[in-house]
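Chain identifiers are assigned alphabetically (A, B, ...) following the order of the sequence lines, protein sequences preceding nucleic acid strands; residue numbering begins at 1 within each chain. Computation of the quantities below employed the complete heavy-atom set of this structure, encompassing side-chain atoms and omitting hydrogens, waters and symmetry-equivalent molecules.
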Amino acid sequence: MRENQASVSPEKGAEPAPFGRLRRRAEFQRVARGSRWQSEAFTLQAAKRGDEAAQGPRIGFTVTRKTGGAVERNRIRRRLKEAVRIAEKLDAKPDHDYVLIARRGALSRPFDLLRADLNRAFAAIHSRSPRALRDRDR
RNA sequence: CCAGUCGGCCGGACGGCCGCCGCGCCUCGCGCGGAGGAAAGUCCGGGCUCCACGGAAAUACGGCGCCGGAUAACGUCCGGCGGGGGCGACCCCAGGGAUAGCGCCACAGAAAGCAAACCGCCGGCCUUUGGUCGGCAAGGGUGAAAGGGUGCGGCAAGAGCGCACCGCGCGGGCGGCGACGUUCCGCGGCACGGCAAGCCCCGCCGGGAGCAAAACCGAAUAGGAGCGACGAGGAGGCUCGCCUCCGCGCCUAUUUCCGGGCGUCGUCGCUCGGGUUGGUUGCUCGAGGCGUCCAGCAAUGGGCGUCCCAGAGGAAUGGCCGUCACGCGCGCCGCUUCGGCGGCGCGCCCUACAGAACCCGGCUUACAGGCCGACUGGCCCC
């Protein structure tokens, strides 16, 4: 519990992940063509932003109706948002956009495991090739 | 104390650290506010916005349907009436019209709406284990329903055929604003069976689409697609391009009438989608919440005081932790009227149903657990 308490309040010097938010449908659709990485609780998608200069990473959340009712969807999105917020060092690149697509496991997965999943996902995502490239290779 | 009926309410509390959305300011930062009783289903009724429209009548379509009241309105609510259920508190009811007309009444049964007669009962005749002719509708049987019920008289056998009581119908009186009631009076031997969640008749109500409504800014008067049209003008004023009068055409279900608006004094006019789901407004002070008094059986209305109480937009109201309350499970101890009750410790769920999306009034549906009040029927004690 002490360790937990300590990790909840970030260190003064620790860099708070300065994520922007994705809000346009077109932005979501562009990221969907990028790389993806799956886990029990979510799918992470990532794509490099082409047009503008790097202004830090941006992230968006997708929780579809398949996942549950309005109450459960809200809960899932808030847990994912919070997990991203407290994450100390995610391997997010400033010129990339990310999208988290929630799966049903995100509702009940222990919060510590959820954070661990996130760290693993961001570490692995950039070694994957973009979806569009793989499709072209086929 | 047990069983039950009805109504109302709550639906975790407090604190710490780190965040999110909105507003304010002394713009580092601080302060304040931040989901529900159903926010849900989108089933009704309104406000608001646009289609320029407003009023009257008729037709078509749809909805509603005992009476009175409440309300902005309703299919809602309140108080009654009638019918049904319950020992009772109380609960349930698509509850207008069946002599305006049409239609239907499955199966069974002889017969399903107008009287008829299968088994029977009674009488006559005959070729007498029966047949035939006539009378009857009480008994049997079928059915959701078979032309009032019980008893006595009567008769060949019977039958409201006659009588008594009960019931029913009609008229009047009385009570009630009314639905309706009636222990009142009179008449009628007594049908006019049911279904209008079948058509229909009567009365009342209703234009359509919806905040992705709609308005403004910007991109911008650049190109595309579709549709319509060769038609009715005349007179006057005159700042020479408009205005006025008459006519013609159009105006959101259709037709007619009245008012109003727009178009037409000629060659273009109208509509649509994409770039465009960009930004701002609409967007929260409202049939508002709370308290109190008055009127009313009540729904509700009115007066006074007080408060400002979410405004997001890929959509804020969260994450973690501590303490407590509640619930569940296990163990131990004590009490016990053997149903349980109380205390301590540990563990679990850290709460059920469920998340505002323009705003109100209702309905319906979902809901762990708990609290309060009124009343009914039993048992025990005084």
Practice item. Looking at every strand, decide which applies to A:Arg77 at a 4.0 Å heavy-atom threshold: base, sugar-phosphate, or nothing. Key: sugar-phosphate
Check your understanding: Across all strands, who's sitting opposite B:rC81 as a Watson-Crick or G-U wobble pair, both distances under 3.5 Å?
Key -> B:rG95
Point to revise | Gap between atom CG of A:Leu114 and atom OG of A:Ser39 - 0.5 Å precision | key: 7.5 Å
Review point. Now, which nucleotide makes the Watson-Crick or G-U wobble pair with B:rU292, with each of the two distances under 3.5 Å?
Key: B:rG303
Review point. Can you tell me how far C1' in B:rA137 sits from the matching atom in B:rA110, rounded to whole Å?
Key: 14 Å
Check your understanding: Does B:rA144 pair with anything, Watson-Crick or G-U wobble, both distances under 3.5 Å, and if so, with which nucleotide?
Key -> none
Review point. Rounded to the nearest Å, what distance is computed from the CD1 atom of residue A:Ile76 to the P atom of nucleotide B:rG355?
Key: 13 Å
Review point. Going by a 90° cut-off around 0, is B:rA35 syn or anti?
Key: syn
Check your understanding: A:Ala47 and A:Val31: which non-hydrogen atoms are nearest, and at how many Å?
Key -> CB-CA, 3.9 Å
Practice item. Quick one: do A:Leu100 and A:Thr62 satisfy side-chain contact (heavy atoms from CB on, under 4.5 Å)? Show the steps, please. Key: CA-CA 6 Å; A:Leu100 276 176; A:Thr62 295; over 6 Å; no
Review point. Quick one: A:Asp97 CG to B:rG314 P, roughly how many Å, whole number?
Key: 16 Å
Practice item. Look through every strand shown and name the nucleotide pairing with B:rG228 as Watson-Crick or G-U wobble, where both distances are under 3.5 Å. Key: B:rC268
Practice item. Quote, to the nearest angstrom, the C1' distance that separates B:rA111 from B:rG140. Key: 16 Å
Revision key, fill the gap. With syn meaning chi within 90° of zero and anything else anti, the base of B:rG37 is syn
Point to revise | Base-pairing assignment for B:rA374 (Watson-Crick or G-U wobble, both under 3.5 Å) | key: B:rU5
Practice item. Mind checking the NE2-OG spacing from A:His96 to A:Ser35? Nearest 0.5 Å is all I need. Key: 7.0 Å
**Study point:** Pairwise P distance, B:rC190 and B:rG203 [rounded to whole Å]
**Key:** 38 Å
Check your understanding: Could you give the CZ-to-C1' distance, from A:Arg78 to B:rG19, as a whole number of Å?
Key -> 13 Å
Exercise for review: Can you measure from CG (A:Leu44) to CD (A:Gln38) and round to the nearest 0.5 angstrom?
Suggested key: 10.5 Å
Exercise for review: Could you tell me whether a side-chain N or O of A:Arg103 sits under 3.5 Å from a main-chain N or O of A:Thr43, the two making a donor and an acceptor?
Suggested key: no
Review point. Rounded to the Å, how far apart are A:Lys81 NZ and B:rC18 P?
Key: 19 Å
Point to revise | C1'-based separation of B:rG54 from B:rG207 [nearest Å] | key: 13 Å
Review point. Which atom names give the shortest non-hydrogen contact between A:Arg79 and A:Ala106, and what distance separates them?
Key: NH1-O, 3.0 Å
Check your understanding: Mind checking who B:rG178 pairs with, Watson-Crick or G-U wobble, both distances under 3.5 Å?
Key -> none
Revision key, fill the gap. Side-chain contact check for A:Glu82: nearest option of B:rG355, B:rA316, B:rC18 is B:rC18
**Study point:** Between C1' of B:rG36 and CG of A:Asn74, the distance in whole Å
**Key:** 14 Å
Point to revise | Salt bridge present between A:Glu82 and A:Arg85 (N-O < 4.0 angstrom) | key: yes
Check your understanding: Taking the P atom of each, how far is B:rC381 from B:rA38, in whole Å?
Key -> 48 Å
Check your understanding: When syn is taken as a glycosidic angle within 90 degrees of 0, is B:rG339 syn or anti?
Key -> syn
Practice item. Please state the P separation for the pair B:rG167 and B:rA145 - nearest whole angstrom. Key: 24 Å
Study note, to complete from the structure: On RNA chain B, more 5' by nearest nucleotide between A:Arg79 and A:Gly60 is A:Gly60
Check your understanding: With rounding to whole Å, what would you report as the distance between B:rC262 and B:rC308 at their P atoms?
Key -> 49 Å
Point to revise | Contacts of type side-chain contact (heavy atoms from CB on, under 4.5 Å), residue A:Glu40, not counting sequence neighbours | key: A:Arg109
Show each protein N/O and nucleotides 348-354 of chain B N/O combination with a separation under 3.5 Å, one pair to a line.
none

Exercise for review: Counting heavy atoms from C-beta on, name the nucleotide in B:rG318, B:rG314, B:rA316 closest to the side chain of A:Arg85.
Suggested key: B:rG318
**Study point:** Between B:rC320 (P) and A:Arg115 (CZ): distance, integer Å
**Key:** 11 Å
**Study point:** Watson-Crick or G-U counterpart of B:rG162, or none if no pair lies under 3.5 Å
**Key:** B:rC152
Exercise for review: Tell me whether B:rC309 sits syn or anti, counting syn as a glycosidic angle within 90° of 0.
Suggested key: syn
Check your understanding: How close or far is atom C1' of B:rA312 from atom CZ of A:Phe61, stated in whole angstroms?
Key -> 17 Å
Exercise for review: Mind running side-chain contact (heavy atoms from CB on, under 4.5 Å) on A:Gln45 and A:Trp37 for me, showing each step along the way?
Suggested key: CA-CA 7 Å; A:Gln45 296 178 330; A:Trp37 190 91; over 6 Å; no
Review point. With rounding to whole Å, what would you report as the distance between B:rG36 and B:rA40 at their C1' atoms?
Key: 10 Å
**Study point:** Closest listed nucleotide, where the reference is the side chain of A:Phe111 and the choices are B:rG319, B:rG355, B:rC18
**Key:** B:rG319
Practice item. Would you mind telling me which residue lines up with the more 5' stretch of RNA chain B, A:Arg75 or A:Thr62, judged by nearest nucleotide? Key: A:Thr62
Practice item. Let me know the distance between CZ of A:Arg73 and P of B:rA312, rounded to the nearest Å. Key: 21 Å
Review point. Is B:rG171 paired to anything, Watson-Crick or G-U wobble with both distances less than 3.5 Å, and if yes, which nucleotide?
Key: B:rC185
